[in-house]
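For reference, the structure is listed below as structure tokens.
Lettering follows sequence order; numbering is per chain, from 1.
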Protein chains: 2
Amino acid sequence: MSKKEQIVKVASKYFSEVGYDKATLDDVAKEVGVSKAAIYYHFKDKFALYEAVLCSRFKDLAQTICEIDVLVPIKALREYVEKFGNFLLENPCFSAIFAREMADGAMNMPQSCTEQMSQILKKLSAILQEGEAQGVFEKENPFMVQLMIVSTLVNYRTTRKLRITVMKNLNEIKNIDAGLKDIIPNLANKIIKALQC
Amino acid sequence: MSKKEQIVKVASKYFSEVGYDKATLDDVAKEVGVSKAAIYYHFKDKFALYEAVLCSRFKDLAQTICEIDVLVPIKALREYVEKFGNFLLENPCFSAIFAREMADGAMNMPQSCTEQMSQILKKLSAILQEGEAQGVFEKENPFMVQLMIVSTLVNYRTTRKLRITVMKNLNEIKNIDAGLKDIIPNLANKIIKALQC
DNA sequence: CTCTATTTACTTACTCGTCAGTAAGTTTAG
DNA sequence: CTAAACTTACTGACGAGTAAGTAAATAGAG
């Protein structure tokens, strides 16, 4: 792996763990084993590094989502939830970054990523419309449906520690906390059920 | 309103708008019309001010949620969603703070607030269990249900600008973006439908 | 083929702004 | 008179960004 790729990888870890602002380039540089100035050799500034972290992954996500075939809406919706979920599983750094972007109104979201997000939502919109046309789904606000899926998945990941703390508070230690992997099909079923006529 | 209360009010605005880290006490002091040191007269440090901002509101939220009568589970679940939603409407600063806390795993969440959250979840758990006992709801993971409700509502607020940008990208300008107020009953219906046997 | 010029990929050692937090002094209310 | 409620003016740390220098690879001219 090139130094540049290593920088992106380590940076994505820090951005994920502590957020854009608290992530310091000194730390990233230290962990990669280069000087901070080396980062500035490869990237214009901190934000450009953040962009590099986000954009490639977003592109991948938009890619797989766009492959979904709309024709059988219920199946397509299940696929949508599963693909999103699996993406988060395969890109563990992403949940936190995504969640933070949603939390602060996508303030740091690079434009290209916003465009990818639009494509993703467009697909969901198409699934819902096809479902409506076929009489299997009711008319829906696609933004809300999107949030019911995405924010649930993303925040399920980020709130793991909180859930464990809360479980202790409620003395429900028996109830072993389910991982995201187990949640995905469950959420898919719930969403489908919620939207069906 | 006392100076101390004014500080809390203005601080909650800044914490909400830019997050804990980017919110500066200099800005808060300036807007209140006191010196920064005045804040330190009333609060031990920045985190103590944040605690003050969070705790009182969380207490209120836990209060109303706890008033819900569990006996008719479907009604209770609708009330749960509505009370949460109305709380966010009445406390506009809260969505962003809440969303950020969820996004970074409740890293800055004061313990007392975590306890309030436990109480809130306990109520939802009770509603779901009563529903299960009465045979109206299926057995559920209360954490996931909680997230489907809370993260959807909270992020619906925080992503308003993003939604508008995305709408422009998709040329769906006709589709006027619905406010949180209109979303609440809709979400309540969806959640109930998703959980019903 | 080899000597020089240039570019690539960095390093060291700094600056500069920002911001939490503080020490010490001052005003105001009871 | 004294305690509460401040203010002014500062410190100290941290972190983004930079200037200037360097070693090694590569290209190009003779």
Side-chain angles (χ1 to χ4, degrees), chain A residues 1-56 93 96-97 100-101 103-104 106-111 113, chain B residues 1-56 93 96-97 100-101 103-104 106-111 113:
Chain A
M1 213 193 306
S2 72
K3 278 277 148 69
K4 192 173 176 180
E5 286 168 313
Q6 280 180 61
I7 291 167
V8 170
K9 197 178 169 186
V10 172
S12 71
K13 201 194 79 178
Y14 278 95
F15 285 140
S16 161
E17 279 173 5
V18 297
Y20 181 79
D21 292 306
K22 272 189 179 165
T24 75
L25 299 188
D26 286 297
D27 285 345
V28 173
K30 207 173 169 185
E31 189 166 325
V32 174
V34 295
S35 69
K36 180 167 59 172
I39 297 176
Y40 283 90
Y41 174 74
H42 290 291
F43 301 95
K44 188 177 140 271
D45 53 21
K46 191 181 180 184
F47 185 70
L49 176 56
Y50 186 67
E51 269 185 307
V53 166
L54 273 186
C55 291
S56 71
C93 292
I97 293 176
R100 287 202 187 85
E101 281 296 342
D104 60 14
M107 248 173 50
N108 296 325
M109 184 88 88
Q111 208 194 329
C113 294
Chain B
M1 213 191 309
S2 73
K3 278 276 148 70
K4 192 174 177 179
E5 286 169 314
Q6 279 180 64
I7 290 167
V8 170
K9 196 178 171 186
V10 172
S12 71
K13 201 192 81 179
Y14 277 96
F15 286 140
S16 161
E17 278 172 5
V18 297
Y20 181 80
D21 293 306
K22 272 188 178 164
T24 76
L25 299 187
D26 286 297
D27 285 345
V28 173
K30 206 173 170 185
E31 189 165 325
V32 174
V34 295
S35 69
K36 181 167 58 169
I39 297 177
Y40 281 88
Y41 174 75
H42 290 290
F43 302 95
K44 185 177 142 274
D45 52 22
K46 192 182 179 183
F47 185 71
L49 176 56
Y50 186 67
E51 269 186 305
V53 166
L54 273 185
C55 292
S56 72
C93 293
I97 293 176
R100 286 199 188 88
E101 283 296 340
D104 59 15
M107 251 174 46
N108 296 325
M109 184 89 88
Q111 207 195 330
C113 293

Distance, rounded to the nearest Å, where [X] contributes [atom1] and [N] contributes [atom2]:
X: B/Phe47; N: C/dC19; atom1: CZ; atom2: P; answer: 20 Å
X: A/Leu25; N: C/dT15; atom1: CG; atom2: P; answer: 20 Å
X: A/Tyr40; N: D/dG17; atom1: OH; atom2: C1'; answer: 5 Å
X: B/Ile39; N: C/dC19; atom1: CD1; atom2: C1'; answer: 12 Å
X: A/Gln6; N: C/dA9; atom1: CD; atom2: P; answer: 14 Å
X: B/Asp27; N: C/dT18; atom1: CG; atom2: C1'; answer: 11 Å
X: B/Lys30; N: D/dT8; atom1: NZ; atom2: P; answer: 14 Å
X: B/Phe43; N: C/dC19; atom1: CZ; atom2: P; answer: 20 Å

Heavy-atom pair of closest approach, residues A/Glu31 and A/Tyr14: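 It is OE1-OH, 2.8 Å.
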Nearest heavy-atom neighbours spanning A/Ser16 and A/Ala96: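 Closest pair (atom of A/Ser16, atom of A/Ala96, distance): O-CB, 3.2 Å.
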Touch class at under 4.0 angstrom, heavy-atom based, for A/Ala29 against every strand present: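 Nothing, no heavy atom under 4.0 Å.
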Step-by-step side chain to side chain contact (heavy atoms under 4.5 Å, CB included) determination, B/Tyr50 to B/Phe43: CA-CA 10 Å; B/Tyr50 186 67; B/Phe43 302 95; over 6 Å; no
Test item: A/Lys44 and A/Glu51 side chains (from C-beta on) under 4.5 Å apart, heavy atoms: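 No. Closest side-chain heavy atoms not under 4.5 Å.
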A/Leu49 side chain reached by A/Leu25 side chain, heavy atoms, under 4.5 Å: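 Yes. Closest side-chain heavy atoms under 4.5 Å.
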Qualifying residue, where the test is side chain to side chain contact (heavy atoms under 4.5 Å, CB included) with B/Phe15 and the options are B/Val10, B/Val28, B/Val53: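 Going through the options one by one, the only one that passes is B/Val53.
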Minimum-distance nucleotide (side-chain atoms of A/Asp26 versus D/dG15, D/dG17, C/dA20):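 Comparing D/dG15, D/dG17, C/dA20 against the side chain of A/Asp26, the answer is D/dG15.
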Close residues, residues 48-56 of chain A, relative to DNA chain D [heavy-atom separation under 4.0 Å]: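 None - not one residue of the stretch has a heavy atom sitting under 4.0 Å from the strand.
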Polar side-chain contact B/Lys36-C/dG21 base: donor and acceptor under 3.5 Å: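 A donor-acceptor contact between them is present.
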Separation between CG of A/Asp45 and CD1 of A/Ile39, rounded to the nearest 0.5 Å: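 The CG atom of A/Asp45 sits 12.0 Å away from the CD1 atom of A/Ile39.
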Write down the protein N/O and nucleotide N/O pairs, taken from nucleotides 4-6 of chain D, whose separation is under 3.5 Å; answer none if there are no such pairs.
unit_1: D/dA5; atom_1: OP2; unit_2: B/Tyr41; atom_2: OH; d: 2.9
unit_1: D/dC6; atom_1: OP2; unit_2: B/His42; atom_2: NE2; d: 3.1

Other residues, nucleotides, ligands: >12 heavy atoms within 6.0 Å of A/Lys13 NZ: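 Yes - once you tally the heavy atoms of other residues, nucleotides and ligands closer than 6.0 Å, there are more than 12.
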Sidechain-backbone polar pair: B/Lys36 side chain, B/Thr24 backbone, donor-acceptor under 3.5 Å: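 Not at all, since once roles are kept as given, no pair shorter than 3.5 Å links the two residues.
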